[in-house]
**Q** 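First, the structure itself, so that you have it in front of you.
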Amino acid sequence: MPPAKRGPRFSVQDVIAAIQEGESDFEMESEDSDTATSEEEADEDVCGQVDKVNQQPNDRPVSDYVDIEPQPHKHTKPHDRYRWLKKDFISPNTDFSGPDITENVISLHTPLEYFQKFVSEDMIQALVTNTNEYSFQKNGTSINTNTKEIEKLIGMYLKMGLVQMSGVRMYWETDTRYSPVADVMARNRFQYLLTSLHFVNNLTVSEMEKKDKLWKLRPWLDTFREKCLQVVPEEHNSVDEMMIPFKGKFSSIKPHPWGFKVWVRTGVSGMICDFDVYQGSDGIRAKSELGLSGDVVMKLASTLPEGQNYKVYADNYFTCVPLVVKLLDRGIHYVGTARQVRLPNCNLEEEKSLKKKGRGRFDIRVEANHNICAVKWYDSRAVTLVSSFAGPHPVQRIQRWDKANKTYVEVERPYIVVTYNKYMGGVDLLDSFTAKYKFPMKSRRWYVYIFWHTIILAVINAWLLYKRDCRALKMPMQEILSRRQFQADLASSLILVNTTPLKTPKRGRPSSGNGSPAATVTSRSPLNAQKRPSSEASYNNI
């Protein structure tokens, strides 16, 4: 006879505790249940989406368990972690107490000195050492480069970004020769340096370090990140993703068809303060209550000082209520767009209802436990925003274009929308800066693309830091260098500083003259420089 099916087993201590609390119906779900049984466990829930399993430990003796017949199942909801109420939002005191970004500015530096704040001489020296070692390991002979030659290489790259051609070799070809680049270094030497650039000694890297997919570039990235963190951050910071263009097929970390994804925190001016190269999902990362996107914001915001009322802005990919709460615990405030599924128990008005009321209508809910505001605003469509310091008031009246009536109409816009639009675009501004004067240098090694991108980021940070100092010294706008002028000046300084004057090399076969002045004049002399016309131009009878 088969044994009778027995109900779930519970310890004696659990039964006594239930009787002392006066529960009329004592029921505990089996191991297959997904219901949390205590307020403490409910507080560890992410957004009300995942509940912990109530299980008994397996190390108790069998005699400590008693059998209780299961009662009829009665579904009970876990304790609600967030309670959203429809009431007015009272903004907390968010006066900024961090350091002034313009203090201790006495005078301006040169573009090269600003650039060296992010790419220092020590970084160049480490690059030289590893490049020489790598070339010897690869070819059997060292390339014997030095810091000045690497600086010239970077200066030539910046000049190529100002005058872009479709290929590197075109800067040396006769018909398209560009002297500010071609006269600095021979073409073969330039390409030999490009193929030999290296950032770590392959023979001394441990197997543990090689588990990092960026180990070939890790020393350079870590040092560059430390330099960025030394800049005094702005009060308003935005977090978003940045793409490094790459279409190769041999990268082990390429998670996106457009290139490498980099998580970035910038100031409202576009200056990069912190970053992290995304290496893809490897299945090893432990699950977090914030998820991947929330962990990114927490990591990039962890380098901000606590308790000084810094503000962070992000879009709906990153926003969730537990993230806002954790940042608030560190004294950092948050504003971001949000998805409705990430706002548990927040019953905002439907989009159809707001649409019927007209453009500019909004609905508000306030989280009672943490004083977090959620606002859904309808303009051309509905958008939901969440903040720990910005609410709907004061409401602005703005002019918006009405496509149906082909005229401008007045629309109410909540303050939280104004704040988000004003301070969110730092990463987008940085993207526009990087795309303007960046030469698309090609390479067979995928990590070199990230290296050249950090060079452009260093130029942008140097220029933005220069502009910050100019504003602190109240310089006239017409005297402030533009990005193009700054990069040109920096490129020339990298090439010319601490080097002998450039001598234009003789090109072509040696002259067969007899030593007369006419025979010794080179074809590149400034007074006699004449490019031979093409054959079509030579025989057109003109």
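Along the sequence shown, the residues carry numbers beginning at 1.
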**Q** Hey, can you pull the donor-acceptor pairs under 3.5 Å for the side chains in residues 329-339, sequence neighbours left out?
**A**
from: Arg330; atom 1: NE; to: Glu306; atom 2: OE2; distance (Å): 3.2
from: Arg330; atom 1: NH1; to: Ala301; atom 2: O; distance (Å): 3.3
from: Arg330; atom 1: NH2; to: Glu306; atom 2: OE2; distance (Å): 3.2
from: His333; atom 1: ND1; to: Ser388; atom 2: OG; distance (Å): 3.3
from: His333; atom 1: NE2; to: Asn309; atom 2: OD1; distance (Å): 3.2
from: Tyr334; atom 1: OH; to: Thr319; atom 2: OG1; distance (Å): 2.6
from: Thr337; atom 1: OG1; to: Asn316; atom 2: N; distance (Å): 2.8

**Q** Classify the side-chain pair Ser120/Gln116 by whether it contains a donor and acceptor separated by less than 3.5 Å.
**A**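 Gln116 and Ser120 do not have a side-chain donor-acceptor pair below 3.5 Å.
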**Q** Would Tyr313 and Asn421 count as having a side-chain donor-acceptor pair, cut-off 3.5 Å?
**A**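 Note: Tyr313 and Asn421 side chains miss the donor-acceptor criterion.
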**Q** Pairs under 3.5 angstrom only: tabulate donor-acceptor contacts from the side chains of residues 425-433 to other protein residues two or more places apart or in another chain.
**A**
from: Ser432; atom 1: OG; to: Leu429; atom 2: O; distance (Å): 2.6

**Q** Crowded around Lys422 NZ? As in, over 12 foreign heavy atoms under 6.0 Å?
**A**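 Count not over threshold, so no.
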**Q** Before accepting this row, confirm whether a basic side-chain N of the pair Lys216/Glu209 lies closer than 4.0 Å to the acidic partner's carboxylate O.
**A**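 Judged by the 4.0 Å cut-off on N to carboxylate O distance, Lys216 and Glu209 do not form a salt bridge.
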**Q** Between the main-chain N or O of Thr145 and the side-chain N or O of Asn132, is there a donor-acceptor pair closer than 3.5 Å?
**A**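 Confirmed, Asn132 side chain pairs with Thr145 backbone.
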**Q** Indicate whether any N or O donor in one side chain lies under 3.5 Å from an N or O acceptor in the other, for Ser380 and Arg400.
**A**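 No pair is found: no donor N or O on one side chain lies under 3.5 Å from an acceptor on the other.
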**Q** Has Gln230 got more than 12 heavy atoms of other residues, nucleotides or ligands less than 6.0 Å from its CD?
**A**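 Yes, enclosed.
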**Q** Between Ser196 and Leu193 (side chain of the first, backbone of the second, donor and acceptor by atom type, cut-off under 3.5 Å), is there such a pair?
**A**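 No: the side chain of Ser196 does not pair with the backbone of Leu193.
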**Q** Can you list the residues that meet the salt bridge (Lys or Arg N to Asp or Glu O under 4.0 Å) rule with Arg483, with sequence neighbours excluded?
**A**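 In terms of salt bridge (Lys or Arg N to Asp or Glu O under 4.0 Å), with neighbours along the sequence ignored, Arg483 is linked to no residue.
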**Q** Please confirm whether the backbone N or O of Ser142 pairs with a side-chain atom of Ser135, one donor and one acceptor, at under 3.5 Å?
**A**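 Checked: no pair found.
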**Q** Around atom CZ of Arg187, are there more than 12 heavy atoms from other residues, nucleotides or ligands closer than 6.0 Å?
**A**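 Yes, enclosed.
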**Q** If we ignore hydrogens and angles and just use 3.5 Å, is the side chain of Ser293 paired with the main-chain N or O of Tyr317 as donor and acceptor?
**A**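 Confirmed, Ser293 side chain pairs with Tyr317 backbone.
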**Q** With no hydrogens and no angle check, is any side-chain donor or acceptor of Gln487 less than 3.5 Å from a backbone partner on Leu158?
**A**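 Checking the backbone N and O of Leu158 against the side chain of Gln487, a donor-acceptor pair under 3.5 Å is found.
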**Q** For Thr102 and Asp100, does a side-chain donor sit closer than 3.5 Å to a side-chain acceptor?
**A**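 Yes, side-chain donor-acceptor contact under 3.5 Å.
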**Q** Does Leu194 form a side chain to side chain contact (heavy atoms under 4.5 Å, CB included) with Leu153? I'd like the steps, not just the answer.
**A** CA-CA 9 Å; Leu194 289 181; Leu153 179 74; 4.1 Å; yes
**Q** Is it the case that over 12 heavy atoms from other parts of the model lie below 6.0 angstrom from the NZ atom of Lys148?
**A**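 More than 12 heavy atoms, drawn from other residues, nucleotides or ligands, come within 6.0 Å of this atom.
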**Q** So, using side-chain contact (heavy atoms from CB on, under 4.5 Å) as the criterion, who are the partners of Glu235 when residues are at least two apart?
**A**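 Partners of Glu235 by the side-chain contact (heavy atoms from CB on, under 4.5 Å) criterion, ordered by chain and then number, come out as Phe96, Lys311.
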**Q** Under a 3.5 Å cutoff, is there a donor and acceptor pairing between the side chains of Ser238 and Thr266?
**A**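 Yes - a donor-acceptor pair under 3.5 Å links their side chains.
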**Q** Around atom CZ of Phe439, are there more than 12 heavy atoms from other residues, nucleotides or ligands closer than 6.0 Å?
**A**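 Yes, the 6.0 Å shell around CZ holds more than 12 heavy atoms from other groups.
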**Q** Is the closest side-chain donor-acceptor distance between Tyr466 and His109 under 3.5 Å?
**A**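 Result is no, nothing qualifies.
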**Q** Would you say Tyr447 and Leu197 make side-chain contact, with heavy atoms under 4.5 Å?
**A**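 No, side chains not in contact.
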**Q** Are the aromatic rings of Phe246 and Trp446 close, with centres under 6.0 Å apart?
**A**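 No.
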**Q** How about Tyr278 and Trp263: are their ring centres within less than 6.0 Å of each other?
**A**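 Under 6.0 Å, so yes.
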**Q** Under a plain distance cut-off of 3.5 Å, with no hydrogens placed, do His198 and Lys138 share a side-chain donor-acceptor pair?
**A**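 No, because no side-chain N or O of Lys138 sits under 3.5 Å from a partner of the opposite role on His198.
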**Q** So, using side-chain contact (heavy atoms from CB on, under 4.5 Å) as the criterion, who are the partners of Ile106 when residues are at least two apart?
**A**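 For Ile106 there are no side-chain contact (heavy atoms from CB on, under 4.5 Å) partners, ignoring immediate neighbours.
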**Q** In plain terms, say whether Asp183 and Arg177 are close enough for a salt bridge, that is, a side-chain N and a carboxylate O under 4.0 Å apart.
**A**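 Salt bridge present between Asp183 and Arg177.
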**Q** Scan side-chain atoms only and decide if Ser492 and Lys159 contain a donor-acceptor pair under the 3.5 Å cut-off.
**A**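 Side-chain D/A pair, Ser492 to Lys159: present.
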**Q** Checking Glu113 side chain against Thr110 main chain: does a donor-acceptor pair fall under 3.5 Å?
**A**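 Looks like yes, one N/O pair under 3.5 Å.
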**Q** Under a 4.5 Å cut-off applied to non-hydrogen side-chain atoms, are Met160 and Tyr178 in contact?
**A**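 No, too far: nothing below the 4.5 Å cut-off.
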**Q** Any donor-acceptor pair under 3.5 Å linking the side-chain atoms of Asn201 with those of Tyr134?
**A**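 Note: Tyr134 and Asn201 side chains miss the donor-acceptor criterion.
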**Q** Taking the side chain from Asp489 and the backbone from Gln485, do they hold a donor-acceptor pair closer than 3.5 Å?
**A**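 No.
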**Q** Regarding Ser269 and Glu234, do their side chains bring together a donor and an acceptor under 3.5 Å, going by distance alone?
**A**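 Yes, a side-chain donor-acceptor pair sits under 3.5 Å.
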**Q** If you take the centroid of each ring, where Trp contributes its six-membered ring, are Trp172 and Phe190 closer together than 6.0 Å?
**A**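 Judged by ring-centre distance (under 6.0 Å), Phe190 and Trp172 do meet the cut-off.
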**Q** Listed by chain and number, what are the salt bridge (Lys or Arg N to Asp or Glu O under 4.0 Å) partners of Asp212, not counting sequence neighbours?
**A**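 Asp212 satisfies salt bridge (Lys or Arg N to Asp or Glu O under 4.0 Å) with Arg218 once adjacent residues are dropped.
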**Q** Counting N and O atoms only, with roles assigned by atom type, does the side chain of Asn139 sit under 3.5 Å from a partner on the main chain of Thr141, one being a donor and the other an acceptor?
**A**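 No, the answer is negative, given that no donor and acceptor are paired below the 3.5 Å cut-off.
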